[in-house]
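As structure tokens, the structure follows; a few thoughts come after it.
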Amino acid sequence: MAPEFAVEVRQNEHLPAGAGRVEAVVTVTATGGARAGPAADAAEVLVLDTSGSMRSPPEKLAEAVRAAEAALGVLRDGVRFAVVAGTDTARVVYPPGPGLAVAGPRTREAATRAVRRLRAAGGTAMGRWLLLADALLAGPDAGGPGPGGPDAAGPGSRASGAGPRHAILLTDGENRHESPEELAAVLERVAGRFTCDCRGVGTDWRVAELRGIAEAMLGTVDIVADPAGLARDFESMTLAAMGKTVADVSLRLWTPGHAEVVFLRQVAPALLDLTGRRRRTGPRTGEYPTGAWAAGESRDYHLAVRVRPAAVGERMLASRIALVGPGGVVSGPGRVLAVWTDDATLSTRIPPEVAHYTGQAELAEAIREGLRARRAGDAARATARLGRAVRLAHESGNTGTAKLLAAVVEVRDAASGTVRLRADVAEVDEMTLDTRSTVTKRVGRD
């Protein structure tokens, strides 16, 4: 059955005379049509850092192996998969032949044995890891699924291209063996071809670097400070990937002549700016990638459109929103309207959803600015920005972020944002706050 999406728009359509900017929060929900397809439509690649730093402490590589075993254990029969070891190069650990294996009891056991033989040595070049994952998930240009059934692992096994394609990337360090420009070029090449969730183990990796990969690949990023937590996290990510039922969904925006999209941001469950990802599909339409969806999944987007101001009493369709699934199947639409009025009571109302997510975006930015200032030794700016973050977290009820902030600052009054920088902050606490700064509290739902 073709995927279906429900679109709900929440906005204040009334603008004062002379105004030309319309904002709305758009909730998109995958409804009953987004049912799971055959397992063979899905593909999974585990990418494990096996550079020399994974030897110290020895438990790090051992727990990464356990994490891979946990992920392999929850793959659905028929899902195509591979395991990649990443150093300053990348190699396929399993399967031994070209292409992807097909999950089943025999291949899962064989993959587990191969993973247990991993050893740590070499450098780190994540772009090369991603290129190999992309090649595996894309498969050969010709040929169908590999021979056999749920236990087949041989030449020709590949992702069908119809279902969700997902990777997990684990690292413990910085991308030292390729330049930022090289990594950026790889991300430009592979973005949109599969989703990648990124995890940093320990505290020797760079949050901004891993976040950049995750955002480009429409995935998540998080810290696993204690290697012992990797197995549970890998199992959770793999189960979530197995629940995705529809791949390659785009959000399509139509705007009238003389109008332009100011921004489009995913604002729940986490912040992700999609503005620069627009692909022009017509004179007045553009599409933004949203990745894969599970049945029943719901996300919120914050949209701003600049329109030509009109006379009081005039009405305009400022944007039309639809979801485009595989094969070009369109569902929706939602409509963003603009009506000009001289009634200040109407035009000054700010929808709570718009106000809430504006605050969540400001919260994330305040945290990043505050942490940058703290690292630079600018105590005054760090105190001001992190204090602002505390106040915003308090006002929005984002208790998760508030707890993370409390590990970095001493909160004297949350309501006013009065804080004092803590003298001794564990690196893991600062990195955890930075990594999770984009996780939002969903308005009216948490």
Side-chain angles (χ1 to χ4, degrees), residues 42-54 64 68 71 79-101 111 114-115 118 120-143 146 153 155-161 163-200 205-206 208-221 234 237-238 241 247-248 277 289 291-292:
E44 182 80 20
V45 174
L46 307 178
V47 183
L48 305 178
D49 186 340
T50 57
S51 62
S53 59
M54 289 290 287
V79 169
R80 300 179 186 278
F81 76 98
V83 182
V84 168
T87 58
D88 47 329
T89 62
R91 68 180 180 89
V92 179
V93 176
Y94 187 85
L100 299 172
V115 168
L118 286 174
T124 304
M126 298 180 209
R128 295 168 198 172
W129 310 354
L130 292 167
L131 285 174
L132 180 53
D134 178 56
L136 289 163
L137 290 166
D141 292 333
S157 295
R158 68 184 190 94
S160 69
R165 298 172 299 284
H166 179 257
I168 296 174
L169 184 152
L170 172 70
T171 189
D172 77 328
E174 298 181 26
N175 199 44
R176 295 184 180 276
H177 290 83
E178 62 187 1
S179 69
E181 292 76 18
E182 287 174 313
L183 177 58
V186 169
L187 291 175
E188 185 174 355
R189 174 176 170 178
V190 303
R193 293 169 62 85
F194 61 97
T195 302
C196 184
D197 290 320
C198 299
R199 294 296 182 266
W205 52 283
R206 290 179 54 206
E209 193 168 69
L210 214 55
R211 178 186 283 127
I213 295 173
E215 289 183 347
M217 305 307 297
L218 300 177
T220 64
V221 61
F234 266 53
M237 284 188 287
T238 307
D248 303 325
R277 307 287 288 273

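Heavy-atom basis, side chains included; hydrogens, waters and symmetry copies ignored.
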Which atoms form the tightest heavy-atom contact between [X] and [Y], and what is the distance?
{"X": "Leu100", "Y": "Ala82", "value": "CD2-CB, 3.5 Å"}
{"X": "Ser51", "Y": "Asp172", "value": "OG-OD1, 3.8 Å"}
{"X": "Leu187", "Y": "Gly212", "value": "CD1-O, 4.1 Å"}
{"X": "Trp205", "Y": "Gly173", "value": "CB-O, 3.6 Å"}
{"X": "Leu218", "Y": "Gly291", "value": "CD1-N, 3.5 Å"}
{"X": "Val84", "Y": "Ala90", "value": "CG1-CB, 4.2 Å"}

In the structure I gave you, are the side-chain heavy atoms of [X] and [Y] within less than 4.5 Å of one another anywhere?
{"X": "Leu169", "Y": "Leu210", "answer": "yes"}
{"X": "Phe234", "Y": "Leu48", "answer": "yes"}
{"X": "Val45", "Y": "Cys196", "answer": "no"}

Just verifying a value: how many Å separate [X] [atom1] and [Y] [atom2], rounded to the nearest 0.5 Å?
{"X": "Leu170", "Y": "Leu46", "atom1": "CG", "atom2": "CG", "answer": "10.0 Å"}
{"X": "Met126", "Y": "Thr171", "atom1": "CE", "atom2": "OG1", "answer": "3.5 Å"}
{"X": "Met217", "Y": "His166", "atom1": "CE", "atom2": "NE2", "answer": "10.0 Å"}
{"X": "Asp197", "Y": "Ile213", "atom1": "CG", "atom2": "CD1", "answer": "12.5 Å"}
{"X": "His177", "Y": "Glu182", "atom1": "NE2", "atom2": "CD", "answer": "12.0 Å"}
{"X": "Arg199", "Y": "Ile168", "atom1": "CZ", "atom2": "CD1", "answer": "8.0 Å"}

Side-chain donor/acceptor of [X] to backbone N/O of [Y], under 3.5 Å:
{"X": "Trp129", "Y": "Ala85", "result": "no"}
{"X": "Arg277", "Y": "Ala216", "result": "yes"}
{"X": "Asp88", "Y": "Gly122", "result": "no"}

Salt bridge Asp248-Arg165, side-chain N to carboxylate O under 4.0 Å: yes

Subject >> Residue list, side-chain hydrogen bond (donor to acceptor under 3.5 Å, both in side chains) with Arg189, at least two apart or on another chain >> reply: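 side-chain hydrogen bond (donor to acceptor under 3.5 Å, both in side chains) list for Arg189, sorted by chain: empty.
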
side-chain hydrogen bond (donor to acceptor under 3.5 Å, both in side chains) with Glu178: which residues, sequence neighbours excluded?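 So Glu178 forms a side-chain hydrogen bond (donor to acceptor under 3.5 Å, both in side chains) with Asn175.
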
